[in-house]
Amino acid sequence: MIVLGIETSCDETSAAIVADGRRVFSSVVSSQFDLHRSHGGVVPELAARRHVTSIVPVVQGAIAEAGIERDDIDAIAVTQGPGLAGSLVVGVNAAKAMAFAMRRPLVAVNHLEAHIYANWLSMPGEEAPEPQFPVLCLLVSGGHTELILMQQHGVFQHLGRTLDDAAGEAFDKGARLLGLGFPGGPAVQRAAATGHPDAFDLPRAWLPGTHDFSFSGLKTALLRLSEPLRLPDDAATPRFSPGTAFREHRPPRFPEDAPIADLAAAFQDAIVEPLAVKTAQAAVETGAQTVVLAGGVAANSALRERLQREIAQRAGPEVAVSFPAFTYCTDNAAMVAGAAAWVIRRGNQSGWEMDVHPRLALT
Ligand code: KG4
Ligand code: ZN
């Protein structure tokens, strides 16, 4: 089963060809970072319009790179949601047009499910083992932070979630407060590489007795620590202001000797520690065989290392830990084409009335 996947839920236009939910023949991702950088975050209207101009060359590129003919494609899969409505519309309509013209089934894919199924993808030339059930998944992206238990394919039991900011959102806001740029996660990770996590004491919301998370107090604590360190002429700089579409973002400025690396390291540690510890505790409680990490924040090396350590210490070496390849952590269409194979096996094909679903949940 060869699936063409299309992903346009946020700020990457992507298309990929994947066989049988596992083998990636090609994956093309066109990122829009250049377009949004000066705004300090994704501007939905600009994102949608860039998808319009990128989608056809990206799909053509994925088919060419896979070395297949268009007729070899068995199904067209597309992200239905969650995501930005205007961005999703571009991908869904491109997928419908292709499915209609090629007389192939159309498959709607949940973006969150796609992130999870990135753990089933193999890089070209390698054959990674499949995650064994029960699978415990820590899904950490720009919009979501959820702990999910899967006893079998396609069944998602929600154990916990963030009560406020998502982990990726926390990284992005922290990066803005420290003047580190966009996208925030990779910028914080880079800055943290030369810093000491113990140099500053930042709070962790443990929320005992639950599998939930919270990061908004941490963000406020970072603001309190970092604001007095700014250059004196920096007073007019707006504080982080989410959703300021089209407003030019002016990052805060710090003196050269400001301890930005230490702040970044302490901030990263305060996000990573509760994620890793609480996931390991849940793995023990649920008897999970495999723990998988999913979503853009799964690219974070500190989180990968800490999770592996906590699982080994608390759950033991018999519990496997799996990460998607770095390229399949942040948004991409290979994970969409991969997840589609499992959706098709459940017998879920979409009709032409299929619409985007910006707030689609994982049920
Ligand atoms: O999954 P994703 O590409 O988009 C959503 O579905 O939201 O995740 C994007 C998020 C952003 O918040 C970004 O800052 C974060 O993932 N991210 C990282 C890293 N790479 C991307 N966070 C921490 N460390 C990274 N290396
Ligand atoms: Zn995503």
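Numbering of ligands and ligand atoms starts at 1, following listing order.
Taking CG of Leu307 as the reference point, atom CG of Leu275 lies at 9.0 Å (rounded to 0.5 Å). Rounding to the nearest 0.5 Å gives a distance of 6.5 Å between CG of Leu202 and CG of Leu222. Separation of atoms CG (Asp72) and CG (Leu4) is listed at 12.0 Å; rounding is to 0.5 Å. In this structure, CZ on Arg23 lies 9.0 Å from OG on Ser122, to the nearest 0.5 angstrom.
Taking all heavy atoms of Gly184, Gly142, Ala294 into account, the minimum distance to atom 10 (C) of ligand 1 is reached by Gly142.
Between Asp331 and ligand 1, a contact under 3.5 Å exists for at least one N or O pair. By the 3.5 Å distance cut-off applied to N or O atoms, Gly185 is counted among the residues near ligand 1. In terms of N/O distances under 3.5 Å, ligand 1 is approached by Gly296. The shortest N or O to N or O distance between Gly295 and ligand 1 is not below 3.5 Å.
Close contacts of ligand 1 with His115, meaning ligand atoms under 4.0 Å from a residue heavy atom, involve 1 (O), 6 (O). Taking every non-hydrogen atom of Thr330 and a distance limit under 4.0 Å, the qualifying atoms of ligand 1 come out as 3 (O), 21 (C). Short contacts between ligand 1 and Gly143, defined as distances under 4.0 Å to a heavy atom of the residue, involve ligand atoms 7 (O). For ligand 1, the atoms closer than 4.0 angstrom to any heavy atom of Gly168 are 12 (O). Taking every heavy atom of His111 and a limit of under 4.0 angstrom, the matching atoms of ligand 1 come to 6 (O).
Contact between Asn110 and Pro82 at its shortest, heavy atoms only, is OD1-CD, 3.8 Å. In terms of heavy-atom proximity, Ala191 sits nearest to Ala264 at CB-CB, 3.8 Å.
The protein heavy atom nearest to atom 24 (N) of ligand 1 is Asn300 ND2, 3.0 Å. Atom 12 (O) of ligand 1 has Asp172 OD2, 2.7 Å as its closest protein atom, hydrogens excluded (heavy atom only). Regarding atom 26 (N) of ligand 1, its nearest protein heavy-atom neighbour is Gln189 OE1, 3.0 Å.
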Apply salt bridge (charged side-chain N to carboxylate O under 4.0 Å, His left out) to Glu305 and Arg309, showing your working. CA-CA 6 Å; Glu305 284 159 24; Arg309 204 165 80 219; over 6 Å; no
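When the Zn ion (ligand 2) is compared with the N/O/S atoms of Asp331, atom OD1 turns out nearest. With respect to the Zn ion (ligand 2), His115 has NE2 as its nearest N, O or S atom.
Of the N and O atoms on the side chains of Glu7 and Thr79, at least one donor lies less than 3.5 Å from an acceptor on the other residue. Looking at Ser27 and Asn332, their side chains never bring a donor and an acceptor atom within 3.5 Å of each other. Side-chain contact annotation: Ser301 with Gln189, donor-acceptor N/O pair under 3.5 Å present.
Backbone or side-chain N, O or S atoms of His111 reach the Zn ion (ligand 2) at under 2.8 Å.
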